[in-house]
Amino acid sequence: MKVLVAVKRVIDYNVKVRVKPDNTGVDLANVKMAMNPFCEIAVEEAVRLKEKGVASEIVVVSIGPKASQEQIRTALALGADRGIHVETDEEVQSLEAAKLLKAVVEKEEPKLVILGKQSIDSDNNQTGQMLAALTGMGQGTFASEVVIEDDKVNVTREVDGGLMTLSLSLPAVVTTDLRLNEPRYASLPNIMKAKKKPLDAMSPADLGVDVAPRLSTLKVEAPAGRQAGVKVEDVAELVDKLKNEAKVI
Amino acid sequence: MSILVIAEHDNSSLKQATLSVVAAAKAIGGDIDVLVAGENCGAVAEAAAKAEGVAKVLVADNAAYGHFLGENLGDLVAEQGKNYSHILAAAGTTGKDFMPRVAALLDVAQVSDIIRVESEDTFVRPIYAGNAIATVKASDSIKVVTVRPTGFDPVAGEGGSASVEQLDVVKDAGLSSFVSEQKAESDRPDLASAGIVISGGRGMQNGDNFKMLEQVADLLGAGIGASRAAVDAGFVPNDMQVGQTGKIVAPQLYIAVGISGAIQHLAGMSDSKVIVAINKDEEAPIFQVADYGLVADLFEAVPQLEEELKKVL
């Protein structure tokens, strides 16, 4: 079966995020960018399904500026077969991303679509669920285990207070949580091979989707900073302060 | 304006988070109705009717909603919500699952995880795991919003007298079915909702040493977390990770033990009310955010902490 994986180019998770002085956003100039960590887990899961003989082809799609092709190449180096780049320099919000992915799903007709549960920049946690609703598919969100059985997929989900397992009819959408797997690193030979794998580029207009945003960001501020507090001499003083000064125990 | 709040519950009791969502609805202003969708959830509806500021409780009681499947809730809420100006739910794993479906079915944007209401269409929400705070304005006619419960003081759960109306609407999409669930076995509170969290980092040296934290956690009724470094080193499982790519916590008291304070960890806990850091490296960045810092060897300090707590608790 064919698996479609969506990946997003975001700020590298190790970079310290700085708000621009004019409060219009976060400074992304000359900042290291990388594949969103939850998307890495999505790619890894697809590759494992292929290694088990469950998936026959992995198509990876990314929406974003030209540079997003770096993240598509990374996915290809990890084991995806083919890339699709929906190229735009505009900000694409979750609903519009889901509409673009719906158009790709209609072209490619995958049995399974795997996405990260959220991106670490906008932290929306929406696109997978929106895609599932728009395409009339079932969804297994925040997955920590994915098992394909014939025309069904069993998804174990990380929910508040425990785990929940669902059975979904295929085709279905799965979004990844942290415990699903540990992504591998790409080997140098595979990075070289990935450069020769096919990558199609298209625009939102080619897919017939209007990506005009519905939400406008009025301002972005740094969070109220914390002041360093006091150093205590010993454990007894610490417990005394927690009990009598902070009153939290 | 009219606001539909989707109750979070377990079919027997109303979760406190719902009262925080009602508080967010009050901050927006307008009539507030609460939708309780579940199976044999009459007690939840009664509890919701007593919440302060609620005008009407709508109850959809059917097996199709018993396990809060996103497809079924999405269809139900999109249909019930289309005549409201706002649809609100808590940003827990249930709300995060079905609300984007609601937004997509109504062809509107969703505003996720708000911590403040500026006006009826403008909301404040953390982005980049709380490293930046965005103020966003929604232009759609229906605002679909998930609410971070820690951002709003809950309304009173008693004293209200809303009317209760049964809905005879069954939405069963037939796309998914419940197989099983596994509740967290530990008596310890869930990390995300714990009032006190104690976390260990690479300084713990191995997984066995986390038992020291368990003893302190038992005394305090605390949840136990870990830094990414401790998870990556294989000391403890992934689900204990606090940080940008793990759990975001904001307890009353956060105790960081042997954690240096990498950016990605700070992003997950710096909204805690009181932060304690125990680390032998006095230059560790964690001390820059800690209210109380103790420069000490954790293998001496943690057993002492246990003894001192026994004296005062």
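Just so we're clear, the structure is a prediction, and the values are computed from it rather than from any experiment. By convention in this document, chain letters (A, B, ...) are assigned in the order of the sequence lines, proteins followed by strands, and residues within each chain are numbered from 1.
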The interface call for A/S169 against chain B, heavy-atom contacts under 4.5 Å, is both
Under 6.0 Å from the CD atom of A/E90, do we count more than 12 heavy atoms belonging to anything else shown?
-> no
Pick from B/R125, B/K96, B/Q110: which one makes a side-chain hydrogen bond (donor to acceptor under 3.5 Å, both in side chains) with A/N124?
-> B/R125
Under 4.5 Å to a heavy atom of chain A? For B/I196 that would be side chain
Given that the side chain runs from C-beta out, which part of A/A132 has a heavy atom under 4.5 Å from chain B: side chain, backbone, both or neither?
-> both
Assign the ring pair B/H9 / B/F68 to parallel, tilted or perpendicular, where the plane angle (0 to 90°) is split at 30° and 60°.
-> perpendicular
Of the listed A/Q139, A/Q227, A/K219, the one with the largest count of heavy-atom pairs under 4.5 Å with chain B is A/Q139
Would you mind checking which part of A/R157 comes under 4.5 Å of any heavy atom in chain B, side chain (CB onward), backbone (N, CA, C, O), both or neither?
-> side chain
Verdict with supporting geometry, A/L170 and A/D150, side-chain contact (heavy atoms from CB on, under 4.5 Å) = CA-CA 9 Å; A/L170 293 175; A/D150 302 322; over 6 Å; no
Step by step, work out the side chain to side chain donor-acceptor pair (under 3.5 Å) result for B/S112 and A/Q126.
-> CA-CA 8 Å; B/S112 292; A/Q126 300 174 1; 2.7 Å; yes
Contact origin within A/Y13 toward chain B - heavy atom pairs under 4.5 Å | both
Output the option from A/Q93, A/R179, A/E96, A/Q118 having the highest count of non-hydrogen pairs under 4.5 Å with chain B.
-> A/R179
Is the closest side-chain donor-acceptor distance between A/T156 and A/N154 under 3.5 Å?
-> no
Which one of A/K16, A/K231, A/K117, A/K241 has the most heavy-atom pairs closer than 4.5 Å to chain B?
-> A/K231
